[in-house]
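Just so you know, these numbers come straight off a predicted model, no measurement behind them. Proteins get letters first, then strands, A, B, ... in listed order; numbering begins at 1 in each.
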There are 2 protein chains.
Amino acid sequence: MKKKKKNENSSKIFEYHDHGACFGDAITQIEDYFIQKKLQLTPLRRKVFEILIEDHKPLGAYDILDKLGEAGFSSSPPIAYRVLGFLIEHGFVHKVQGLNAFIACSNPKHSHFPTFVICRKCEKVAEVSEEKSGLNLPSPRITNFKIEKTTIELTGICSTCENAEIR
Amino acid sequence: MKKKKKNENSSKIFEYHDHGACFGDAITQIEDYFIQKKLQLTPLRRKVFEILIEDHKPLGAYDILDKLGEAGFSSSPPIAYRVLGFLIEHGFVHKVQGLNAFIACSNPKHSHFPTFVICRKCEKVAEVSEEKSGLNLPSPRITNFKIEKTTIELTGICSTCENAEIR
DNA sequence: CGTTGGTATGTTATGTTATAACATGTAATG
DNA sequence: CATTACATGTTATAACATAACATACCAACG
């Protein structure tokens, strides 16, 4: 008997997902990418990425530093910022500006113009593709301007939190 | 002979505009709004708004504090952050997240979902309406989520700076 | 093999941005 | 004039980020 997996085709944004698989995939992806690009996936870089992908939620640089410290790495600020900068450059991490925090990319193969949906109450963050968000990016060049990077963050309240609000 | 004003109908983003008029309009608009909403446009609030509208470019909180100091106001951080927060709430100021800076709203009557276009080289910032940016906001509610606020910032290089780059 | 150059990490110090907590002032209301 | 609401003032500190310089490692080259 074939039973459909819960939420499998849901269009909900904050839905459950198989994080075990996600984690493994992500590690494999970053490994492949680093080999292909002849970059060094050093223990430090790997650890930072693992910290982010494990939690799969935005972490502040100093949270990451604490975890690095616990794991026996150096934990002075430049360590985290450098590695994060590197991982961001290569599309494996994004910065969530509204939270001064960093999050592992849900899918590095996706668009480099991610949209983040942030619940101000539970602070859950979802990275959604452009199509899913209903938001259409302009062509990469708007009049007299070449877009290189976008920050698109939608803050509000998710239905779970909204229903819980006493009004 | 009627001569068309320079750039009047240009679709360029970083174009010249009549800032004298803009300034006057902005002050009038904020005055009207405050009267209508029975809010106090105190000397401090007015000054902060004037500082921002005069420069008409993003200023850091501490830049604003300096200018407040020069003008004889208190210049401890909470002063600026409080007033900025208040002006933001009422739509007269926006925060440009990518620059940790604040900018007067180009037109408070416009959408509350502004898009900022930021040149990484000359650091000019333009606030554009949704239509103009070519960016279409999703309906205010995407699946299971109520959007209350958006941060949309497009960073790149304006044509002037691009042409000036030696490649 | 020893030097050189590139890359990564370590360390110290400091710069920048933002807020908490509490005190004071002021003006309208009952 | 006591109460309340709102605005501002002040001190201290928290949170976020980078500059500048030191060390380590390794691979390529003469």
For A/E31, the salt bridge (Lys or Arg N to Asp or Glu O under 4.0 Å) test, sequence neighbours excluded, returns A/R46

Please list, chain by chain and in numerical order, all residues satisfying salt bridge (Lys or Arg N to Asp or Glu O under 4.0 Å) with A/D55, sequence neighbours excluded.
-> A/K67

Would you list the pairs meeting side-chain hydrogen bond (donor to acceptor under 3.5 Å, both in side chains) in which at least one residue belongs to residues 68-84 of chain B, sequence neighbours left out?
-> none

Quick one: ring pair (Phe, Tyr, Trp, His ring centres under 6.0 Å) partners of B/F14, sequence neighbours excluded?
-> A/F145

Taking only residues two or more places apart in sequence or in another chain, which ones pass ring pair (Phe, Tyr, Trp, His ring centres under 6.0 Å) with B/F102?
-> none

Rounding to a whole Å, what distance do you find between [X]:[atom1] and [N]:[atom2]?
{"X": "A/I88", "N": "D/dA17", "atom1": "CD1", "atom2": "P", "result": "10 Å"}
{"X": "A/E89", "N": "C/dA8", "atom1": "CD", "atom2": "P", "result": "10 Å"}
{"X": "A/F86", "N": "C/dG6", "atom1": "CZ", "atom2": "C1'", "result": "13 Å"}
{"X": "A/K38", "N": "D/dA28", "atom1": "NZ", "atom2": "C1'", "result": "15 Å"}
{"X": "A/L84", "N": "D/dC16", "atom1": "CG", "atom2": "C1'", "result": "12 Å"}

Is the closest side-chain heavy-atom distance between B/S106 and B/H56 below 4.5 Å?
-> yes

Under the side chain to side chain contact (heavy atoms under 4.5 Å, CB included) rule, collect the residues that match up with A/K38, sequence neighbours excluded.
-> none

Atom pairs, protein N/O to nucleotides 3-6 of chain D N/O, distance under 3.5 Å:
none

Scan nucleotides 11-27 of chain C nucleotide by nucleotide, 5' to 3', and note B when protein non-hydrogen atoms come under 4.0 Å of the base, S if they reach only the sugar-phosphate, - if neither.
-> BB----BBBB-------

Sequence-distant partners of B/Y62, side-chain hydrogen bond (donor to acceptor under 3.5 Å, both in side chains), two or more places apart = none

